[in-house]
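Here the structure is a predicted model, which means the values were calculated and not measured. Chain identifiers are assigned alphabetically (A, B, ...) following the order of the sequence lines, protein sequences preceding nucleic acid strands; residue numbering begins at 1 within each chain.
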Amino acid sequence: MAATSSTTAATLTPLLIRLLRGASDLASVAATHAKLLKSGAASAVSSSNHIIAAYCRCGATACARDLFDGMPDRDVVSWTALMSGYSAAGRPRAALSLLRAMSRTRGGVPPNAFTFSTAVSACARLADAGLGRQVHARAEVEGYARDEFVATALVDMYGKAGCAEGARAVFDDMADPARNAVSWGSMLSVYAQNALGHEAVQLFAEFRTRSDGMSPNHFMLSSVVNACAGVGRLGVGKCVHGTVFRFGHECNGVIAVALVDMYSKCGFYEYSRKVFDRIEQPSVICYTSIIVAAAKYGLGRSALALFSEMIDRGVQPNSVTVLGVMNACSHSGLVDTGLHLLHSMQSKYGIGPCASHYTCAVDMLGRAGRLDEAFELANEAQVEGRDALMLWSSLLSACRIHRRLDLATRAGQRVSEFNQDVAGALVVMSNAYTSAGQTDNAAAVWSNMRQRGIRKEPGCSWIEIKDIPYVFYAGLVSPAGARAGEVMMLLDELEAKMREKGYKGKLGSTRVFDAHEEDGEEGKGVMVGVHSEILALGFGLLVIPKGMTIRVMKNLRMCCDCHDAFKLISGIVESEFVVRDLNRFHHFKMGSCSCNDYW
DNA sequence: ATAGGGTTAG
């Protein structure tokens, strides 16, 4: 009897294990688990490990845990498989407590490289560099920190936690044989994710010269293309597009999306369109990225046409797609179309509006000056937490633009209730007071910010000349070779000509500001030089041949004063300017802008 | 049996 049973188990086990590997649903894993128990083979540690892994693969971590808890003996695989299951199921903290538990258990199992890379990736999910550093230290002590998998996971973890230098330190510490395609790709994506495009481009160049014979794969290429999108460096982006082509990756869906996105963020919607038109079966994400591109360029009608084309082709939109279309409406003044979409998205496409859709709609009404409706919607919308903060901040900006101090105070009140570091909103509030002549109140906002130690991200603009980016900060004409004196002289001349056309502001360095977005340093009164985009434009006018379009990138939203100034200057010097700000593109030509002042 | 990288938004 015993002999029969063990023979059965021996012949049956490999078959059942194979069944487990292929199983993707809980029912079949549980059924196979039952058969293994019946055959008597389930008691072996390795069989149990297979079952744990299978349960985890279909998300049944509770079943995996029950089995794990009942095991008389566990090895490192049992622990690691369960850890990985928790992490994948979105419970990274539970995964990390297993790491602590495994060393405390009697006859404890020491972690191996698999365990550490799993633990590190759990920290990455939490985007917690503090926890990550602790695990890193333990891996270092146990001698696993330079394992290629552990080190690559560490690069990713530091990057996701926003610490690109930490990631780079690990990467630099890796021995050359350990540095493989994945680790290069991870490092590149860290730069892309942290908006360090210049560093990514530099690292990619290093890869091309150093790793002889290794071709870039689609992971690396999409990261580099993304990084180019982030800094708007068309020159490099085109170059990488060439590389994509040479290595035969132009058909990869993810890269195509990255290219569409890159060209649109560099201000070349036509190129985006060309890449998009070559995609045979565009996915939702492809459609979404081209719709978002059209939105950024204020091409609301094109966005709507693309949306209906996609619906006709049977491609199901998702929440982001609808948001993109609404954004396009918002940037083109198609307010009622956008509102209709908000109200019909649930019934037509089965997508319930979430916080971002409400924020977009409120913003859209606000831009159009329909502030009372905007307030009504903002009060009705079921939005909480950080999302609500964004919603009320955008409404506050709209109140400031339309010079409705009464409503601005109400929105400002809601914003301040969150009691968070909302530098942007506070500056807008202060500007609203200044515009209304209430300089005391404006100054009070500033001193309150100073007391609480709130600082705003400094505004900067940059311009690419012969593949070299020149970066400008407000009030500082500093980039090497930027010819500060000449720029200021040119701006003075321009200002004089603008005055003839009725301009009342000031461009020059003696300008006393109405507490602007970028002058975070000084207190009341606020004496600052010039906004960074004006400096970049001045420099561009000096060095770029007349008749060529000047392209300026900016890390914040353009303010209305600079927007007015750019319009006027485009008429005076008879040149075209393209400004990419945080949200969208502005194409200035003959005294007006493509955004028709919707932005 | 357990481990590492890329896509759409603001």
Can you find a donor-acceptor pair, distance only, under 3.5 Å between [X] side chain and [N] base?
X	N	value
A:N217	B:dG6	no
A:N252	B:dG6	yes
A:T152	B:dG4	yes
A:N180	B:dG4	yes

Quiz item: Can you name the residues that form a side chain to side chain contact (heavy atoms under 4.5 Å, CB included) with A:D73, not counting sequence neighbours?
Solution: A:V45
Quiz item: Taking the six-membered ring for Trp, are A:F149 and A:F116 ring centroids under 6.0 Å apart?
Solution: no
Just checking [X]: base, sugar-phosphate only, or nothing, at a heavy-atom cut-off of under 4.0 Å?
X	result
A:S186	sugar-phosphate
A:R74	nothing
A:A256	nothing
A:V292	sugar-phosphate
A:S356	nothing
A:N226	sugar-phosphate
A:H50	sugar-phosphate

Practice problem: Measure from the side chain of A:S84, starting at C-beta and using heavy atoms only, and say which of B:dT8, B:dG5, B:dA3 lies closest. | Solution: B:dA3
For [N], does either OP1 or OP2 sit under 4.0 Å from a side-chain N or O belonging to [X]?
X	N	answer
A:N112	B:dA3	no
A:R57	B:dA1	no
A:Q193	B:dG5	no
A:K160	B:dG6	yes

Exercise. Could you tell me whether the side-chain ring of A:F219 sits stacked on the base of B:dG6, using a centroid cut-off under 5.5 Å and a plane angle under 30°?
Key: no
Exercise. May I ask you to test the A:T115-A:M83 pair for a side-chain heavy-atom distance under 4.5 Å?
Key: yes
Exercise. Assess whether atom CD of A:Q202 is packed by more than 12 heavy atoms of other residues, nucleotides or ligands within 6.0 Å.
Key: no
Quiz item: Is a salt bridge present between A:E250 and A:R278, judged by a nitrogen-to-oxygen distance below 4.0 Å?
Solution: no
